[in-house]
Protein chains: 2
Amino acid sequence: MTVSEDGYSGRTIRSVTIAFNIIEVLQERKHVGVTELANELGHSKSTIYSHLQTLTERNYLVQEPEGYRLSLRVLDIANRVREQVGNYDVITKEVDELAETTGEIVQFGIEEHGMVSYLYKAAGDQAVETRSRVGIQQPMYSTSLGKTILAFMPTDRTASIVSNADYEANTPNTITEPAELHSELDRIESQGYGVDDEENIQGLRCVSAPVRHEETVLGAISITGPSSRFTDDRIHGEFADHVQRAANVIELNTKFSSTGVSEFD
Amino acid sequence: MTVSEDGYSGRTIRSVTIAFNIIEVLQERKHVGVTELANELGHSKSTIYSHLQTLTERNYLVQEPEGYRLSLRVLDIANRVREQVGNYDVITKEVDELAETTGEIVQFGIEEHGMVSYLYKAAGDQAVETRSRVGIQQPMYSTSLGKTILAFMPTDRTASIVSNADYEANTPNTITEPAELHSELDRIESQGYGVDDEENIQGLRCVSAPVRHEETVLGAISITGPSSRFTDDRIHGEFADHVQRAANVIELNTKFSSTGVSEFD
DNA sequence: GAGTTACGTTCGGGTAGCGGGAACGAACCG
DNA sequence: CGGTTCGTTCCCGCTACCCGAACGTAACTC
C-alpha cells in the first residue's frame, strides 16, 4: 500500500466537518442547544438540527432537557482503541509504578501523523502541571518522547517527519533546525534515551526511552519534572535507568498484537 | 427547551452516516484499507477515500502502511465525557472496592436514550462473564440497573420510557408487560434497591441501588453474579446492603457538576 | 392572561457538494 | 515482464444538503 505524502488533494466532506465541529463543541461544554450551536458554528438552525438528529440516532449524542450532550458510546470506542494499541495493560502498569516510585509525571506516547500522541499519563505525588493530556498531540522535535521515537524509527520515516515539520520555538532551547535535530537524534540513538532540556516548556526537563519492536518503535515512556529536581546527574543516572528499565519491561511483555502479519523478505 | 418524543422526522445526513460507518468498522478491525471499506460499506472507492481524507485531516484517523486506523484522539474525547458525568473518580473508587470485597462483577450505569449505558465496570476475582461492556447499551426493563433507575426517575419520564420500550424476552423471567413492570418499579422504589432474577441472562442475578440527586437519579450501581452464589438471603441481605452503602457514598460525594442550574418551582 | 421572547422543530426549494465510475501510478507477484 | 491489487485522481450528473422562513410551545413579564 502506498501512503500519500502530506498535502491533501482529496476532497474533504463538508457535512462530516460540520458534524465533528459539533462534537468538538460538545467536548468543551456538557450541554449545548440548537440555536447556540447554530450561532457558534455559523450555520442555520435547521442544518444543525439535522446533524444533531443524525448523531443522536447513531447514539453518539443524547438529548436532555438542558440540551444535547455526548453519550457514553465514546467510551466504548476509546476502549477498543486502547485494545488495538500494543499491550495497554502492561504500559499502564509500568507508567503507574514509575510515577509512584519517582513522584513525578510519567507518560507514554506514540507517533501519529508526525506528532506525539499521549496514550497514557500518570502523576506522582510531587508532579507538576504540564500541558499534555491523554489523546492530544504535541510536536516531535520539542519533546523527549518525540525525539526518542524519531531516533529509533526507520530512517526514511524519520527523515520525512523531520523535513516536513513546521518548527516553532516554544522556548529558547527548542531545536528548530533539521540539521541540529538530526545530530541530536544520533546522540539519542547511541545513548539509548532522549532528554528534553526545557525545550518544550520553560522550567521542565524530561527523559525518555524507546519501546522497540522489530525494526521500528512502538512508542516511548518518559519522566517529566522541574529542572530544580532534574539535575544532569539524576537525569543521566537514575532517571535514565528507570525509563530504560520500564521500556524494557514493556518491550518484553508486548506480544505485538497487530492484526497484519509482519512481512519478511 | 422541548425534547422531542421518539420517531425522528428530522432528516438524517447521509455523509455523516457514512463517516460513522467507517469509524465503526475501524472499531472492530485495527487497520482497514480503502478498497476493503468500499466493498464492505457498498460505496465507491472515491467516496470512501474522501471520507478517509476528511477524518484523517481532522485527526480522528491515522494512515499507516497497513491501512487506516483510529487515532488516540478518541481517548481525549472519552476523558472529557467522563469528566462531564457526575463525579467519575468517586464512582470508580466505589465500584472497584465493591468488586474487590465481593469478588463479583460491579457496574455503574446511567440512563441514555431510554436504555442503560455502562459508565464503568470492575470485575472481582470470581467474576463471571457478562455481555455488558463500558459504553454499550442494554434495555432498562430486563436489567436491575435499568429497573432501579426507572423506579427513581421523575414519574413522567419513567412512564414515557416504559410505554415506548419494545419488549423482548431474553429469558423466561424477563418482564415484558408494562403493567407488570410498573408494579415491579413500585416494589423497587419502596424497598430501595432492585433485583434482576435471571431476567436478562439465564443463570445471572443482580442487585442495584440508585444514586439520587435532588428529584432525579444520576445512575445506579449493581453487583452481578451466578444464581448459585446469589441466593435470596444474600441478595436481600449483604448484597443489598453493599450496593446501597456504595450508592450512598457516591451520592454524598457528588457535587453535581451540571452546568445548568436546576430549576425549582 | 395577553404579549413577548426564545427555543426546538418542520418544510420546500435551489445549488453545490457529494457519490460513482473509470483511469492512473505504484507495488508486488510469479 | 505481464498481471493483479492497491491507493489515488479526475470529472460529470444528480441528489442530498444547507438555508430561510414559518410553526408550535414553553417561559417570563407586567
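Proteins get letters first, then strands, A, B, ... in listed order; numbering begins at 1 in each.
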* With respect to the phosphate group of D:dT8, does any side-chain polar atom (N or O) of B:Y68 fall under 4.0 Å of OP1 or OP2? ->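 Yes, B:Y68 has a side-chain N/O under 4.0 Å of OP1/OP2 on D:dT8.
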* Output yes when at least one side-chain N/O atom of A:Q63 is less than 4.0 Å from OP1 or OP2 of C:dC7, else no. =>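 The answer is no; no side-chain N or O of A:Q63 sits under 4.0 Å from OP1 or OP2.
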Calculate the interatomic distance between [X] atom [atom1] and [N] atom [atom2]; express it in whole Å.
| X | N | atom1 | atom2 | value |
| --- | --- | --- | --- | --- |
| A:N21 | D:dC18 | CG | P | 12 Å |
| B:L52 | D:dT8 | CG | C1' | 12 Å |
| A:I22 | D:dC18 | CD1 | C1' | 12 Å |
| A:N39 | C:dC7 | CG | C1' | 12 Å |
| A:Y49 | C:dC11 | OH | C1' | 12 Å |
| A:L61 | C:dG8 | CG | C1' | 15 Å |
| A:E57 | C:dT9 | CD | P | 14 Å |
| A:L41 | D:dC19 | CG | P | 11 Å |

* To do: Could you check B:E180, B:E111, B:E184 and say which one makes a salt bridge (Lys or Arg N to Asp or Glu O under 4.0 Å) with B:K147?
  =>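 The residue from B:E180, B:E111, B:E184 that satisfies salt bridge (Lys or Arg N to Asp or Glu O under 4.0 Å) with B:K147 turns out to be B:E184.
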* **Base-contact (B) and sugar-phosphate-only (S) positions in nucleotides 17-23 of chain C, heavy-atom cut-off under 4.0 Å, - elsewhere** => SBBBB--
* Begin from the C-alpha positions of A:H43 and A:H51 and carry the test side chain to side chain contact (heavy atoms under 4.5 Å, CB included) through to its verdict. => CA-CA 11 Å; A:H43 292 282; A:H51 278 273; over 6 Å; no
* Hey, do the aromatic rings of B:Y167 and B:Y141 have their centres closer than 6.0 Å? ->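 Yes: the rings meet the under 6.0 Å criterion.
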* Distance flag, aromatic centroids of A:F20 and A:Y60, threshold under 6.0 Å ->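 No.
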* Short question: side chain of B:E57, backbone of B:T54 - any donor-acceptor pair under 3.5 Å? ->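 Between the backbone of B:T54 and the side chain of B:E57 there is no qualifying donor-acceptor contact (under 3.5 Å).
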* Asked: Do you know which of B:V85, B:V134, B:V81 makes side chain to side chain contact (heavy atoms under 4.5 Å, CB included) with B:L119?
  ->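 Testing B:L119 for a side chain to side chain contact (heavy atoms under 4.5 Å, CB included) against B:V85, B:V134, B:V81 leaves exactly one candidate, B:V85.
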